[in-house]
Number of protein chains: 2
Amino acid sequence: MKMSGGVEWGLHCCVVLSGAGAPVTAAKLAELHDVSQSYLAKQLQLLSRAGLVRSTLGQSGGYVLTRAANEITVLDVVEAIDGVQPAFRCTEVRQRGPMAVPAERCDTPCPIARTMDSADRAWRESLRRVTIADLIADVNRTTPPEILSGAREWLRA
Amino acid sequence: MKMSGGVEWGLHCCVVLSGAGAPVTAAKLAELHDVSQSYLAKQLQLLSRAGLVRSTLGQSGGYVLTRAANEITVLDVVEAIDGVQPAFRCTEVRQRGPMAVPAERCDTPCPIARTMDSADRAWRESLRRVTIADLIADVNRTTPPEILSGAREWLRA
DNA sequence: TTGACTCGGATAACTGTTGTCCGAATAGAA
DNA sequence: TTCTATTCGGACAACAGTTATCCGAGTCAA
């Protein structure tokens, strides 16, 4: 089981976008993080479709967050990029084979599916509790100040 | 993000194995669940490597659980088949690009990684709380009795 | 001793993710 | 108003991991 690597990039981008007042292009975000520009563009597209960022075209265009950082949860970003489908999907094996349970007797979901659903909800709930603002606060606390100001300056240029 | 489909099969097999007193072959388990025999064998191999089941060779051989059903958690099966690696893997993007943070200043994990780790722990904890015995109890409660006894009989034959 | 049956690891097909490219649309400058 | 440089957006390949399969080594029962 592996989550899309784009989630990490998307979160980093949200953190950066929140700090920059002006639109930031995909090219700049890619260079700052030293990742493939073309592929990062794809992730930004997904964020855009999900309504987390808004893109402005033309010169001096780029991406901007649509909401305040404390209004965007980590789960929002994860679901935008990695999708909302749970990792486990019940294939109803109990309805197959020589000892199949007839469909009309399967009104309640299989206990295995229930267990997985419950764990999935716990996971999402945990991600929902953390916002981009929380990440920023942590970054500001643990990153050397000269790098923070340097990055701000680098974005402006 | 998608978990291996073999997890579902593995859990069903554990439930069945717990009910059968004698070893059950991979072929019978595959037929009962109407899934590919060759591929199910692979999942059973993984369970065997993890020490959850023991295989006996030769005639009247097959698979048996090594522990009582209430001593095997759903997490045990998930980790045996799907692996123990967390879904998110931090690639340390903060150490890359023109504004890279030097490695010696990165003693604490990145806040994004911490958030993901926390969610992953919540997920695993949720799966750890449910045992095969719990699944069996639920199956016994929700499955028509004639099918339960029928399956037991079918396994014996 | 025989023999048939079992699991185990090595080997292909396939789906989904990763990565790349070029065209459509736009905002600003002339 | 026209033009141009620059932007994002969706369509197009390469790769990896999962899914599926086979045959050989080992083992127990007869």
Side-chain angles (χ1 to χ4, degrees), chain A residues 1-10 13 17 20 22-31 33-66 78 80-89 91 93, chain B residues 1-10 13 17 20 22-31 33-66 78 80-89 91 93:
Chain A
M1 184 171 53
K2 184 165 153 291
M3 147 175 354
S4 167
V7 170
E8 185 179 13
W9 301 1
C13 285
L17 286 180
V24 182
T25 68
K28 258 198 166 342
L29 287 169
E31 190 186 352
H33 295 128
D34 186 27
V35 298
S36 152
Q37 171 185 347
S38 316
Y39 189 41
L40 182 67
K42 196 186 188 67
Q43 318 303 335
L44 289 168
Q45 255 182 68
L46 292 171
L47 291 180
S48 178
R49 279 192 208 164
L52 297 179
V53 304
R54 178 147 309 271
S55 66
T56 55
L57 259 55
Q59 268 178 329
S60 77
Y63 290 96
V64 189
L65 291 185
T66 58
V78 168
I81 293 180
D82 204 56
V84 296
Q85 279 205 337
F88 178 88
R89 246 157 300 171
T91 62
V93 297
Chain B
M1 185 172 52
K2 183 165 153 290
M3 148 173 356
S4 167
V7 169
E8 184 178 13
W9 302 1
C13 284
L17 286 180
V24 183
T25 69
K28 258 197 165 341
L29 287 169
E31 190 186 352
H33 295 129
D34 186 27
V35 297
S36 152
Q37 171 186 346
S38 316
Y39 188 41
L40 182 67
K42 195 186 190 65
Q43 319 302 337
L44 290 168
Q45 257 181 66
L46 292 171
L47 291 180
S48 177
R49 279 192 208 164
L52 297 178
V53 304
R54 178 147 308 271
S55 66
T56 55
L57 259 56
Q59 267 180 330
S60 75
Y63 290 95
V64 190
L65 291 183
T66 58
V78 169
I81 293 179
D82 205 57
V84 295
Q85 279 204 338
F88 178 87
R89 246 157 301 171
T91 62
V93 297

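Every chain is numbered from 1 and lettered A, B, ... according to where its sequence line falls, protein lines coming before strand lines.
- Atoms CE (B/M1) and P (D/dT18) sit 13 Å apart, rounded to a whole Å.
- Taking atom NZ of B/K28 as the reference point, atom P of C/dC5 lies 13 Å away to the nearest angstrom.
- Under a 3.5 Å cut-off, the side chain of B/S48 and the backbone N or O of B/R54 do not form any donor-acceptor pair.
- The CD-C1' distance, from B/Q43 to D/dT19, rounds to 9 Å in whole Å.
- Using a 4.0 Å heavy-atom cutoff across all strands shown, A/S38 reaches at least one base atom of the nucleic acid.
- Of all nucleotides listed (C/dG9, D/dA29, D/dC12), D/dA29 comes nearest to the side chain of B/Q59.
- Taking only side-chain nitrogens and oxygens, A/T56 never comes nearer than 4.0 Å to OP1 or OP2 of D/dC8.
- If you measure from atom CG of B/L40 to atom P of D/dT21, you get 12 Å, rounded to the nearest angstrom.
- One can place CD of A/Q45 at 15 Å from P of C/dA25, the figure rounded to the nearest angstrom.
- When all heavy atoms of B/M1 and B/A87 are compared, the closest pair comes out as SD-CB, 3.7 Å.
- Distances shorter than 4.0 Å separate some side-chain N or O of A/Y39 from OP1 or OP2 on C/dT18.
- Within the 4.0 angstrom heavy-atom criterion, no nucleotide atom of any strand lies near A/R54.
- Note on A/G62: only backbone sugar-phosphate atoms sit closer than 4.0 angstrom, heavy atoms only; bases stay farther off.
- Position along DNA chain C of the nearest nucleotide to B/K2 versus A/Q37 favours B/K2 as the more 5'-ward residue.
- What separates CZ of A/R89 from P of C/dT15 is a distance of 14 Å, to the nearest Å.
- If you check every strand for non-hydrogen atoms under 4.0 Å, B/A26 touches sugar and phosphate atoms only.
- Comparing D/dC8, C/dC7, D/dA20 against the side chain of A/S55 picks out D/dC8 as the nearest.
- Closest approach of B/C13 and B/L40 over heavy atoms only: SG-CD1, 3.8 Å.
- For the pair A/T25 and D/dT6, the criterion of a side-chain N or O lying under 4.0 Å from OP1 or OP2 is not met.
- Mapping A/G5 and A/G58 onto DNA chain C via the closest heavy atom, the residue that lands nearer the 5' end is A/G5.
- Between A/L46 atom CG and C/dT17 atom C1' the separation is 12 Å, expressed in whole Å.
- Comparing A/V24 and B/D82 by the nucleotide of DNA chain D whose heavy atom lies nearest to each, the residue mapping closer to the 5' end is A/V24.
- Residue B/G61 comes nearest to B/T25 through the heavy atom pair O-CG2, 3.5 Å, listed as atom of the first residue, atom of the second, then distance.
- The distance between atom CE of A/M3 and atom P of D/dG17, rounded to the nearest whole Å, is 16 Å.
- Closest to the side chain of A/Y63, out of D/dC22, D/dC8, D/dT18, is D/dC8.
- Contact record, B/E8 with A/R89: OE1-O, 3.7 Å, taken as the closest heavy-atom pair.
- Contact annotation: B/S4 reaches the phosphate of D/dT19 (side-chain N/O to OP1 or OP2, under 4.0 Å).
- Listed candidates were D/dG9, C/dG28, C/dG19. Nearest to the side chain of A/S60 is C/dG28.
- Among the atoms of the strands shown, base atoms are found under 4.0 Å from some heavy atom of A/K42.
- Remark: the backbone N or O of A/G62 is not paired with any side-chain donor or acceptor of A/S55 at under 3.5 angstrom.
- For B/R49, whose side chain is taken as the heavy atoms from C-beta onward, the closest listed nucleotide among C/dG9, C/dG8, C/dG19 is C/dG9.
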